[in-house]
Structures are given as C-alpha cells and as structure tokens.
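Only one structure is covered here, and it is reproduced in the block below.
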Amino acid sequence: MFDYLIKNGTIIDGTGDARFQGDIAIQDDRIVAVGTIDGEAKEIIDATGLVVAPGFVDPHTHYDAQLFWDPRATPSNLHGVTSAVMGNCGFTLAPVNNEQDADYLRRMMVKVEGMPLEALETGVSWDWNSYGEYLSKLEGNIGLNVATMVGHCALRLAVMGPDSTKEIATPEQVSEMQSLLKQCIEEGGLGFSTTRAFTHNDGNGDPVPSRVASEDELLALCAVVADHEGTTLEWASDGCLNGFTDDEVDLMANMSLAGRRPLNWNVLTVDSARPSDYKNQLKALETCTDKGARVVALTMPVLVGMNMSFLTYCGLNMMPDWGPILGLPVAERMEKLRDPETRRFMEERAASPDAGVFSRLTGWGRYIIGDTYSEANEGLKGRTVGEIALERGVRDFYCLLDIVLADELRTVLWPGPTDDDPASWHMRTEAWQHPDVMIGGSDAGAHLDRMSGAPYTTSWLHDCIHGKSLISLEETINHITQVPAELFGLRDRGVLKEGTFADIVIFNPETINAGEVILLNDLPGGEGRLYADVEGMHRVFVNGIPTVVDNEPTDHLPGTVLKSGRDTYTVAIPADA
C-alpha cells in the first residue's frame, strides 16, 4: 500500500519536457512510481485539473536565524519551496568561539541582512560553537530541506577575533582558517561563501571581516572546497551591483578554478535604462567560461516588492552622499531635509552616475505612499507621489520629502519600479536563456521589513500563465527545480522520477499566485516583516510528508539538512569536465 497516490494530474516533471497526464505514488520519503498506477494508498489525491511538479529550490536565502523561531521558513514554504540554500554572502551564525563573537555576528546581521536585534537575541538559542553543533540544532526541527554555506566572516572572526575587521591575515592564520573551513565542510557545510561588496558593513560601520581579506586568503579558502565532494562557492562583490572590473572578473574565475567548483553570485539586475551594466555582467560570465571556470549569475524573474523609509536604514542610505544626511539624529535629519539647498544636492547626487544600481530608486513620482501617521497625510495611502506632486504643483522629490516630514519620517514608501518596461522584460527573457544565468536571489529571511522576495516562485508561475507569458510553463518550472538542483548537485531532487525524493508541489494553474504583501508583526520582540500568503497551492510535500494543504501550513517538520557529499554530488567546472 502506498502512503499517497496522486491521480490524474498534469505532470510537469522539472526537466523541461512536455507535460503529460499521469499518477505519482509516494512511499516513505520517495517517489516509487510515475505513470498510470493502480494500487491502494492510505490517501488518494485527485489532481484532476491540477499541475504536479517538483518542489521548488531557492538558491539564495538567509534563513540561518529565522529557522529557530519559524522552522517552517514562512512564507517560502507556502510558495512551494522545498529546498533552500542559505549561509550566503559570507554571513553565517557559526562557527563562533564565545559570546563576544556571537554578539558581533548578531549586530553584523542586523546591518547587512536587516534582521532585528531583539529577534536575533531572543529567538535564536546561540548554544553552539562549531558548525556541526549549529547544524545539529536544525536537524529534525525544520519544515523544508536546507543546504548551508560556510560564511567567510564567521571563519575569519573565529580565527582572528577583533583583528578580523582590520588586519591582513598572516600565513599561519590563513592556514588555521583553511583547517576550520575543512572541519565545517566535513560537518556538513555545502561550501564557502564570501563578500567583498562595498555595501556590507558591520554593526560598527566597519567593513565586514571578509572585505579585509587578501586575494591570496580568498583563493586559499576556495581551494579547500576542491578537496570535498559535493561542494560549491558563492560570493557578493561590487560588480554584482554596478558591473565588474577586469580584476573582479579575474578573481571570480580564479576562485572557481581554485575550488574546481561553480561560483554563483547575486543578483543580475536587468534594466533597459542601464544596458551597459547588464552587458558587462553577462560578458563577465562568458570571460570566466573562456578561462575554464564556471560562474553563474542569479536573477529574479519578477519585480520584488520592497519598501523604503527616511527613518530607518534602507537602500536610500546608499545613494551617493546621502548616508551622512540620513544618519543624523532625527531632529537634525528633518531640519536638513527641509533645507532647499540640501534637497537640491540630494536630488542631483541621486541622479548622478555615482548612484550605480541605486539609481533604480530614483523614480520619485512612481513611489506609492504606504502607511502614514499624521493628519496632514490622511488619505494619501495608496496614491503615487507623482499624482500628489501634480496637485500641489511641486517637484516629485520635494513632494516626497514634504510627505515624510509631515510623518516625522515614519511614512512607509513603496518605490515604483523603473524597470517594468517592455525593453527590460525582453532583456530578462534573453537572460533566462543564458547558460550561466539562473533564476533566484530571493534573499528570503533577510531584509525582513524591507523586501518580499520569498513569493517569487508563485508570482512567476502566475505571470507565466496569466500575465506576460514570456516562456512556457514547462520552462518556468525547469528554471526553479532541476536547474538549481543540478547547480548545487542535490541528489535525487529537482525532478519527478521514480526513486527521487518526494518533494512535490500540486497547484491550480487557474489560481496560482502570491497574495498581497503585508507587514506582519510576528517576529520575536514584536518587530514586523513583509509577508505574502499563497493562492492556488493544493499541496506541498517535503520528503513525502505534506507541509502545505490548501494554502495552509501543516504541523509537520519533515525537512533535513542537506550535507555536502552525503546529499550532494560534485558538479564539475568546464576545466574538469
């Protein structure tokens, strides 16, 4: 007798092949048959009119902390994600030597990944030192499968202490970091992640530890990965934001070659207003391939909902020369924002080439007003700044500042996308076909009150079926299942075949979608996060156990930690192939 028998579904198996009608049988944690199946089961699921597909794989998340207070990894679980990669950008919560180091990592995560300090202090146990001890806290207590990179920052801090943010490592310290990374991988780490991005500063405002590392240190750590089965590499850098220099391209290629593994980075931003950056980043991938390396860019297939504020740290702080102004105490900040000369200066600097990727935030007239907090702003919620500015007869940017000042800077702002034009979507469609571009980059678990990337899977499915319909449903599902599973070498995941793990989604193609993005105040300490429910999700199975039924989560926690070598196989780079 089968545990579950899914009957009469439209099966899209993840490979990109054409859909077909059929049945799927589940026994324990595996798919035991696909096709026309007769037999008894503890539960028979009628999937007539529904699509049956592999569980989705999110290649770039930061659920490292959230899993302790939210083991289901909401809302990714609702949107069909059954496996996620975390520990990205060089940021992990282990290894850690002592409370002083733990406090540093907490405050670093507040700054670089937008996680509330109280949630990190009260919602995470912090009762580990080694990487293996950290992973043991997750095993048996999570609702989806997670593969975890080993972060450069924690490694460097564990070996160098406070000097990690200031000093070049000695050869002895590099050797010690290599030994520690080896131990972390042997305990289950998926590989090595790092960052050299200028946006990544710690809780003190200093560069995070990995940004201080020499290239020799970086390559020495990548080389450790080569000695272990089923490992991979990931990084963030300035070029991920504004286009790569020749030196960065050489470094990416050398990292992949030193580790003899693929290297992925996040995120390829596609904007027809900045075609040179797009071409630069694609050219970088091709140059790395020519050198015998494998470098893969992640890109999002939908426009991600995110909000901004002049009160708390966000992307606006990264505008050229805005940081010192927005970093002032609130009273002084408000005084500055009222000053006509400061307004002119800020508007000019935001429009300058120095803004780089953050120029995408300068469509001031497209900003939608969210929650407001003053009588003067009553009735503005849901309206665009451009509409309001036209009524008031003022410039869009000045109108925006007037609105936030009336709320003592508390106004919630939703930037209107500058890249929602036909040319940008045409460029995206081209990028999706590039052999070294992969869908992903949700950042789920990070930037909790600023960004809502987790629902990208169901949003894209909806757009594929009912929206722009830029590629087929078979291609869409292939991009979010088999493609990422194969990049990371996930054993027996990402496709629906006999013998593979029963990570399965069943959805209604007529109604599948992400719900409205809302601010949900459910974090430890009562802080808020952006959240979206799902529509049209009939079932989600993780390792043969239902984790979502009719859009609602179950109480089951059948996820596992995907450990390198045991649960992953080695993916060769071109030079090794």
N-O pairing of Asp436 and Arg294 below 4.0 Å: yes
Is the backbone of Ile477 close enough, under 3.5 Å, to the side chain of Thr481 for a donor and an acceptor to pair up by distance? yes
Short N-O contact, Arg529 and Asp449, less than 4.0 angstrom: no
4.5 Å side-chain heavy-atom contact, Val561 and Ile142: yes
Tested for side chain to side chain contact (heavy atoms under 4.5 Å, CB included) against Val404, the lone hit among Val412, Thr411, Asn377 is Thr411
NZ/NE/NH1/NH2 to OD/OE distance under 4.0 Å, Glu43 and Arg539: yes
Check Arg261, Lys563, Arg491 against Glu229 for a salt bridge (Lys or Arg N to Asp or Glu O under 4.0 Å) and give me the one that passes. Arg491
Within a strict 4.5 Å, meaning less than it, do heavy atoms of the Leu190 and Thr232 side chains meet? yes
If we only count heavy atoms from C-beta on, is the Arg19 to Glu474 side-chain gap below 4.5 Å? yes
Does Tyr131 have any ring pair (Phe, Tyr, Trp, His ring centres under 6.0 Å) partners at least two apart in sequence or in another chain, and if so, which? none
Looking at Gly230, is its backbone amide N or carbonyl O close enough to the side chain of Thr568 to form a donor-acceptor pair, meaning the two atoms are under 3.5 Å apart? yes
Can a donor-acceptor pair be found, under 3.5 Å and without considering hydrogens, that links the side chain of Asp64 to the backbone of Gly87? yes
Basic-acidic side-chain contact under 4.0 Å: Asp419, Arg274: no
Minimum side-chain heavy-atom gap His466-Glu510 below 4.5 Å: yes
Whether the side chain of Thr122 engages the backbone of Glu118 through a donor-acceptor N/O pair (distance < 3.5 Å, no angle test) should be reported. yes
Are the side chains of Pro455 and Ser452 in contact, using a 4.5 Å heavy-atom criterion? yes
Taking the six-membered ring for Trp and the full ring for Phe, Tyr or His, determine whether the centres of His79 and Tyr456 are under 6.0 Å apart. no
Contacts under 3.5 angstrom, residues 362-369 side chains, donor-acceptor by atom type, not counting sequence neighbours:
{"residue": "Thr362", "atom": "OG1", "partner": "Ser359", "partner atom": "O", "Å": "2.6"}
{"residue": "Tyr367", "atom": "OH", "partner": "Leu361", "partner atom": "O", "Å": "2.7"}

Pair Asp371 + Arg410: basic N to acidic O under 4.0 Å: no
